[in-house]
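So the structure is just underneath, and the comments pick up after that.
Labels below follow one simple rule: chain letters A, B, ... track the order of the sequence lines, proteins then strands, and each chain is numbered from 1.
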Amino acid sequence: MSYKETKTLDNRINLIEIENNCKNFWETTEVYRYDNTKTREETFIVDTPPPTASGSLHIGHIFSYTQTDVVARFQRMSGKTVLYPIGWDDNGLPTERRVQNYYNIACNPSVPYDANFKPEHIENDKSPRKEVSRKNFIEACETLIASDEGVFESVFKNIGHSYDWNIKYSTISPKTIRVSQESFIDLYEKGYVTSVESPTMWDVTFQSAVAQAEIEDKEVAGFFHDIKFKVEGTEDYITIATTRPEFLPACIAIVAHPDDERYQKYFGKKAIVPLFETPVDIVPSEHAEKDKGTGIMMVCTFGDAADVAWWKQSGLPLKQIIGHNGCLMDVEFGKGAFVSNNPEKANEVYSQLKGQKVTKAREILVNMLRDNGILANEPRPLTHMVKFYEKGNQPIEFVTSRQWFVKLLDKKEAMIEAGRQIKWKPSYMQHRYEEWVKGLNQDWCISRQRFFGVPFPVWYKLDSYGNPDYNNPIVAERSQLPVDPMTDVPTGFSEDMRGCPNGFIGDKDVMDTWATSALTPQIALDVVNNDALTIPFDIRPQAHDIIRTWAFYTIAKAVMHSKTIPWKEILISGFILDPDRKKMSKSKGNVVTPQHLIDNYGADPIRYWASRARLGIDTALDEQVMVQGKKLVNKIFNASKFVFSMVENSALKGSINYESHITNPMDKSWLNKIEAMMQQATSNFVTHDYASALELIEKRFWDFCDYYLEIVKKRAYSPTDTSAVASLMKTIDTFLKAFAPFCPFITEEVYQCRPWGNITGSLHNTSWKKEDDFAGITASNSVLYDNASIITSEIRKAKTTANTSQRTAVSKIIISAPLELQEVLKEGIEDIINVGNLNLTALEFQVAPELSIGEISLDLEAVA
RNA sequence: GGGCGUUUAGCUCAGCUGGUUAGAGCAUCUCGUUUACACCGAGAGGGUCGGGAGUUCGAAUCCCUCAACGCCCACCA
């Protein structure tokens, strides 16, 4: 497979054609294929983030993923084989939500499977959501992600990311499910994971448990309600301020600060919950603060996280009133924990609340309080922060349910230590990680009451009454994996025993999506199946918003599974902000999609834009930088074309020996700068500072176009010269490699059309730099070239000042310089005369003892 | 309330192991050019480096302090 038929550059640049040729060439010749036969030392491993495949990519993805690609490309050209997998994070709630909306269906596990059901997308479908079986729902998810992922794949290919597409995975594939279930079993066997019945943060919209990392605070308007509680055995009332009066029926205690003078006399007494006539203890507790509200508060099960903590240490019975759907459950006063002095009245009041949503119940209850004169005054408006599930639109509630938890709180030290062994770039990002770990106050709830995810490889035995024995789960054997306990059967049982007394049931929950994506290193290793490779990987690239989730959970799992770190370095990219410096997000509606920018500017210019940004720095979207990139790409094309024409014109073609041809001091002086550039760029790249490398290379490249090329072009066109032409060839070759990680398309095009040397494969499989690249062809310094460029600049300035054309001949130049410098300059006299458009006689040197080497002063005479 | 970051030309950003006159691109203005490139070239103007105080022979760079903005966390009766 050759790159293209005619190996010449077009007269004008055609980016679309170039991009298509490259994509085709790279794919058919497998330029980016990972070599599975190499050792760990010969391999560079990237723990690529699997993007959430539901929905669309935004320009921020392209930004950060391109930065990683630049790093990976450098490593590849440095002789490593690069394990650079790509995957899709397609399990979990985002996909379910998208599927629900796209096909207008909802999953109802009690509906039977319909083999003929085909999900269909109808624009603006207003009909009621069709309920389908769990299996039909999962199939619909699979259908939609297949097409979403196709779109992602083509964008990534269009932007030139060098993934090995053979190493592609998805987090819902059977292989991944096996890895994830194996992880669960390992943690279970180590005793790190347990199932616990306890109050959990619960999203009532999705009716699922959620984890601390998925919580987002939102500012919400609400009211303070001042409610009067009678103190039993006295005529006194105490006023309690609450934002959640609907929790009155679930009140378990009244607390005030132990030092609070106002309430000392009530400690040990009971307060009567109004309307429900429930006596509750008034107790001293640090939980209350003297100067907040009225200084005295009610504890309910559960108004907030603090209530949960207080309840756990109180030993008091649980009064759960919020159901899984966010409505008030059916409870009966006078029974169990729901004590009342007047159960009849309490039940009468509660009957008006039950089945209502929280907000409606609050409204009803407040009206009843007002009507009964129990409000000390009218509700006072306030805005306060309320916890939401990050993808939900109703506040989370605390609901008691059975969930699987990974014990993390006892491993904080180990996780902080692991974080310290990883090199964070930028280094201050490690702070964020440590602060998060230190602030962790809950274990990791990994079960979700959803459908499209990794099932728990667990069943429960049923006793003779049909009750599940949650304390002794039947965990799948590793050889069985992957399993779906809802359809697969545990060893020793048969399908007809499912759901029957003395039989079994499957765990119907699925895992938190992070429980699987925290295994991306293990998933990648599983895909390539090479025993020589292990964690830690070389780099983990990711954005800073998911340090608390993805980075944290990946470290946690690596520590728990193998007591090691998952990667040596973590590269944190910044965000793309919209031009008003606001974070781009779907909810703000300011998301910019990448494909039209790629279409407008071309892939290389977009990559240039991404590569200019430093790690960790948030950057405003600025198309001016893409314009700059486009100019650079255009210049690479044109300068190369120009050099090609000189090469075609000269005798130098085929294989050349640079050392014997590059003899002119001016050329050697220039190549000294090129060699220095490559050395510096290499050391920048070694620390993943691609942006500094690019800055350096770009600066030198414009220097090349503006000065060196102008200085030597006359000589290069002369039939007797070979040095300038050879030097230009070496220069172009070097720049192509230098720009290759940043602008893979244009550099490949130019490389393939190069009229010299043997071209056997892709530029991107050539070597970035060899030890002896510049042996024998560079001067020991660049004084000659530096001064020649200063003289060139001065001549141009003089002509511009004289408002005359740059082609005008200069009649005389007097250069003042120390003698040593004059000697150096005389070695490049021919080029200096050419660039000034002078006669040989018109250049004069003057001795200037006050100047030192490297300094000149110039007198131009009579620009004619 | 805690942690972290940012603040440099009209805009987007470099520079910050302290050292000549603080840089680039875009934008603005002037001039030029059509055999590498109008997706062009040559040049010019434009900044008391967020404010204040300090260390130093010397500070955009180091220390302190204040402010604005952003992100994360906590509180949220």
Side-chain angles (χ1 to χ4, degrees), chain A residues 9 11-13 15 212 215-217 219-220 222 224-227 239-245 247 254-256 287-289 292-300 303-307 382-387 426 428-436 438-441 544-545 547-548 574-575 577 579 581-583 601-602 605 609 612-614 616-646 691-692 695 698-699 702 705-706 709-710 713 792-793 795-808:
Chain A
L9 293 179
N11 210 27
R12 296 204 114 207
I13 189 167
L15 275 180
Q212 187 181 355
I215 296 302
E216 205 170 79
D217 290 346
E219 196 168 68
V220 188
F224 260 129
H225 305 81
D226 297 325
I227 303 173
T239 302
I240 282 161
T242 178
T243 54
R244 306 211 58 183
F247 272 101
I254 300 295
V255 296
H287 183 35
E289 283 178 44
K292 265 193 185 164
T294 53
I296 190 159
M297 59 186 281
M298 64 174 184
V299 179
C300 312
D304 59 29
D307 282 349
L382 86 161
T383 54
H384 60 157
M385 301 303 273
V386 178
K387 284 189 193 325
Y428 57 76
M429 292 296 180
Q430 193 195 333
H431 272 276
R432 291 214 195 173
Y433 170 79
E434 284 203 25
E435 288 300 309
W436 171 255
K438 284 178 192 160
L440 206 62
N441 56 31
H544 50 75
D545 57 335
I547 289 175
R548 66 175 184 161
F575 278 144
L577 311 171
R581 300 205 66 85
K582 292 278 184 322
K583 184 178 163 183
Y601 295 98
W609 161 78
R612 282 255 316 223
R614 262 70 183 167
I617 308 289
D618 294 350
T619 311
L621 180 64
D622 182 12
E623 295 191 24
Q624 288 172 0
V625 180
M626 299 174 190
V627 170
Q628 193 178 339
K630 189 151 192 181
K631 288 185 176 181
L632 173 65
V633 168
N634 187 52
K635 199 74 175 177
I636 293 172
F637 178 88
N638 281 304
S640 305
K641 184 157 64 98
F642 188 33
V643 170
F644 288 4
S645 73
M646 294 172 185
S692 295
E695 192 180 8
E698 189 192 3
K699 187 165 178 257
W702 285 104
C705 295
D706 295 342
L709 204 42
E710 292 297 322
K713 74 178 177 189
T792 305
S793 174
I795 292 170
R796 286 172 178 168
K797 201 177 288 185
K799 289 176 182 174
T800 300
T801 310
N803 275 358
T804 179
S805 159
Q806 292 296 330
R807 307 177 87 197
T808 332

Atom-pair distance ([atom1] on [X]; [atom2] on [N]), nearest Å:
{"X": "A/Lys713", "N": "B/rU35", "atom1": "NZ", "atom2": "C1'", "result": "10 Å"}
{"X": "A/Leu632", "N": "B/rC37", "atom1": "CG", "atom2": "C1'", "result": "13 Å"}
{"X": "A/Glu435", "N": "B/rC4", "atom1": "CD", "atom2": "C1'", "result": "8 Å"}
{"X": "A/Arg614", "N": "B/rU12", "atom1": "CZ", "atom2": "C1'", "result": "13 Å"}
{"X": "A/Asp545", "N": "B/rC72", "atom1": "CG", "atom2": "C1'", "result": "10 Å"}
{"X": "A/Asn638", "N": "B/rA36", "atom1": "CG", "atom2": "C1'", "result": "5 Å"}
{"X": "A/Arg796", "N": "B/rU30", "atom1": "CZ", "atom2": "C1'", "result": "18 Å"}
{"X": "A/Trp436", "N": "B/rC72", "atom1": "CH2", "atom2": "P", "result": "11 Å"}

Which side-chain N or O atoms in residues 625-637 of chain A pair as donor and acceptor under 3.5 Å with protein atoms at least two apart or in another chain?
residue  : atom : partner  : partner atom : Å
A/Gln628 : OE1  : A/Arg612 : NH1          : 3.4
A/Gln628 : NE2  : A/Tyr608 : OH           : 2.9
A/Asn634 : OD1  : A/Asn638 : ND2          : 3.3

Inset, instruction - Mind checking the CD1-CH2 spacing from A/Ile547 to A/Trp436? Nearest 0.5 Å is all I need. - result: 11.5 Å
Determine the contact category for [X]: base if any of its heavy atoms lies under 4.0 Å from a base atom, sugar-phosphate if only primed atoms, P, OP1 or OP2 are that close, otherwise nothing.
{"X": "A/Glu289", "value": "base"}
{"X": "A/Arg807", "value": "sugar-phosphate"}
{"X": "A/Glu710", "value": "base"}
{"X": "A/Thr619", "value": "sugar-phosphate"}
{"X": "A/Ser692", "value": "nothing"}
{"X": "A/Lys641", "value": "sugar-phosphate"}
{"X": "A/Ile13", "value": "base"}
{"X": "A/Trp702", "value": "sugar-phosphate"}
{"X": "A/Ala620", "value": "sugar-phosphate"}
{"X": "A/Phe637", "value": "nothing"}

Inset, instruction - Choose from B/rC76, B/rA36, B/rC4 the nucleotide whose nearest atom is closest to any side-chain atom of A/His384. - result: B/rC76
Give the minimum heavy-atom separation between [X] and [Y], together with the two atoms involved.
{"X": "A/Ala288", "Y": "A/Val255", "value": "CB-O, 3.9 Å"}
{"X": "A/Gly616", "Y": "A/Tyr428", "value": "O-OH, 3.8 Å"}
{"X": "A/Arg244", "Y": "A/Gly303", "value": "NH1-O, 3.5 Å"}
{"X": "A/Ser805", "Y": "A/Lys799", "value": "O-CD, 3.8 Å"}
{"X": "A/Asp706", "Y": "A/Glu710", "value": "O-CG, 3.5 Å"}

Legend entry - Residue met sooner reading RNA chain B from 5', once A/Arg12 and A/Asp706 are mapped to nucleotides: A/Arg12
Legend entry - First encountered from the 5' end of RNA chain B, between A/Tyr428 and A/Ala288: A/Tyr428
Legend entry - Under the ring pair (Phe, Tyr, Trp, His ring centres under 6.0 Å) test, residues paired with A/Phe644 that sit two or more places apart: A/Trp756
Inset, instruction - Quick one: the dot-bracket string of RNA chain B, using Watson-Crick and G-U wobble pairs with both distances under 3.5 Å, [ ] for crossing pairs and | for bases paired to another strand. - result: ((((((((.[[[[.)...(...]]]].((((((....).))))).....[[[.[..)....].]]])))))))....
Legend entry - N/O (side chain, A/Lys635) to phosphate O (OP1/OP2, B/rG41) under 4.0 Å: yes
Legend entry - Gap in Å between the two P atoms, one belonging to B/rG52 and one to B/rA9, rounded: 16 Å
Legend entry - Inter-nucleotide C1' distance (B/rU65, B/rU55), Å rounded: 15 Å
Inset, instruction - For A/Lys387, check salt bridge (charged side-chain N to carboxylate O under 4.0 Å, His left out) against everything at least two apart and list the hits. - result: none
Inset, instruction - With sequence neighbours excluded, tell me which residues meet salt bridge (charged side-chain N to carboxylate O under 4.0 Å, His left out) with A/Arg796. - result: none
Inset, instruction - Tell me, with the steps shown, if A/Thr619 and A/Arg614 meet side-chain hydrogen bond (donor to acceptor under 3.5 Å, both in side chains). - result: CA-CA 9 Å; A/Thr619 311; A/Arg614 262 70 183 167; over 6 Å; no
Inset, instruction - Heavy atoms under 4.0 Å is the rule here; annotate nucleotides 20-29 of chain B 5' to 3' with B where the base is hit, S where only the sugar-phosphate is, and - elsewhere. - result: -----BB---
